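Worksheet for the structure shown next.
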Amino acid sequence: MMSNQNLYKDIYENITTPIIICDSEFKIMLANNAASKLFNEKKENLFGKTLSDLGLIPQETCSICKGNIYSKFLPEDYEHTAEIKNNNNEVISVNVKHKLIEENKYICQFILLNDCSKLNQAHIDFVSTVSHELRTPLTSIKGFSDTLLTAGDRLDKEQQKRFITIIKTQIDRLTRLVEDLLTVSRLEAKKDNSIYKAIDLNDFIDIIIQAISPKAQEHDIYKSIIPNLPPVWADSDKLEQILTNLIDNAIKYSAKQTKVTISANYEPENPDYIQIQIIDQGVGIKKEHLPKIFTKFSRLDSPLTRQVDGTGLGLYITKSLVESMNGIINVESDGNGSTFIVKLPVATPELQISKKFSEKD
Ligand code: ADP
């Protein structure tokens with residue numbers, strides 16, 4: 001049996017919050033693993049130093065951080081923000097909490113605020129990418145409408161029609177982008193308004209193939225579903241968007257007259273799940289690009305990507321939708337095309353009964 005003391009030591013060493021204990025002269029006498037990581041120093045190099053020796057810059061005057069033993073200000077509890085440079089020379093903001101414990105020792109606890117600055121950076125990057133994505137079609141719309149306004153009467157009917165068609169295509173692109181952005185913001189706000197039900201994939205996939213058929217005139221679309229496949233437990237709007245996005249991509253990123261197959265069967269390793277595969281014979285995705293295709297605004301460079309329109313948000317949205325329904329999405333690809341695999345739970349009687357009960361509540 002582990003003694004209480006060893007247990008506390010173990011917790012202290014392995015807790016993810018950086019914690020340092022200073023003596024009455026504000027010199028470090030104990031540091032846990034997280035503190036050594038935060039200050040990017042081996043533990044033995046921390047001992048005997050003050051926090052400011054380690055490069056901590058307090059935003060306020062703090063005698064403990066500065067190691068100023070002559071200061072009269074020795075509070076029992078004191079909390080302030082401070083900054084530290086990490087090994088990439090980036091400034092990390094931390095909230096420092098000092099607490100006086102017995103024998104004039106101070107516990108110094110560091111709460112990282114850099115998650116927040118990382119979030120801000122992600123936000124700044126996102127706004128900058130979105131602005132760029134919006135500006136491209138807007139520039140084109142402005143250019144062609146200016147030309148129509150100033151020199152429209154000198155253009156023949158055919159040229160006028162061509163310019164108006166370009167403007168309409170760009171407006172359609174903007175509309176798609178705005179719709180995708182709204183979906184992203186809804187998904188990230190995690191407002192889950194899913195309405196789960198048992199969905200029979202046979203009929204469901206037929207309806208999707210029917211709806212997508214205007215875009216699929218030049219491809220062969222096949223459906224292959226094993227007999228007696230049980231229904232999946234999903235939200236029909238979400239499942240429709242997932243399958244539409246994946247089939248749409250399979251068509252967009254493969255040459256005309258090639259085959260796109262939508263298959264469904266049991267997940268081989270877990271019969272509680274059904275796997276739906278969308279298999280194309282298209283351009284494929286290089287192995288090194290596979291991990292990033294589900295991230296926002298990732299469009300891979302290929303002759304086809306340059307020709308076809310897209311926002312780079314489709315797969316990010318698709319993955320988020322699958323995961324919001326307790327599913328998994330994967331992709332496999334080689335020189336002969338790509339296969340997107342979506343795994344969703346089987347609509348077991350237990351799931352259906354538990355839903356009935358929760359509706360009654
Ligand atoms: P997009 O709006 O560009 O289609 P997606 O998020 O749906 O955005 O896809 C991201 C990128 O992944 C695409 O630009 C394309 O380069 C690649 N991609 C997606 N699906 C396929 C596929 N079936 N075959 C080959 N490449 C694909």
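Just so it is clear, the model here is predicted, and its values are computed rather than measured. Start at 1 with the first residue, then count along the sequence.
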- Keeping the roles fixed (side chain from H219, backbone from S254), state whether a donor-acceptor pair exists under 3.5 Å. yes

- With K142 via side chain to side chain contact (heavy atoms under 4.5 Å, CB included) - residues at least two apart: D146

- Query: Any sub-3.5 Å donor-acceptor pair from Q277's side-chain atoms to S263's backbone N or O?
  - Reply: no

- Query: How long is the gap from OG on S320 to CD on Q241, to the nearest 0.5 Å?
  - Reply: 10.0 Å

- Message: I'd like to know if the side chain of N95 reaches the main chain of I111, judged simply by a donor and an acceptor atom lying under 3.5 Å from each other, with no hydrogens or angles considered.
- Response: no

- Task: Look at atom CZ of F47 and say whether more than 12 heavy atoms of other residues, nucleotides or ligands are closer to it than 6.0 Å.
- Result: yes

- Short side-chain donor-acceptor distance under 3.5 Å, N33 and K43: yes

- Message: Just by distance, no angles: are the side chains of N202 and K223 close enough, under 3.5 Å, to form a donor-acceptor pair?
- Response: yes

- Distance-only donor-acceptor check, side chains T50 and D53, under 3.5 Å: yes

- Note on the structure: Contacts of L155 meeting side chain to side chain contact (heavy atoms under 4.5 Å, CB included) (sequence neighbours excluded), chain-then-number -> L148, Q159, Q160, F163

- Heavy-atom closest pair (Y266 atom, Q275 atom, distance to 0.1 Å) is O-CG, 4.0 Å

- Short N-O contact, K168 and D172, less than 4.0 angstrom: yes

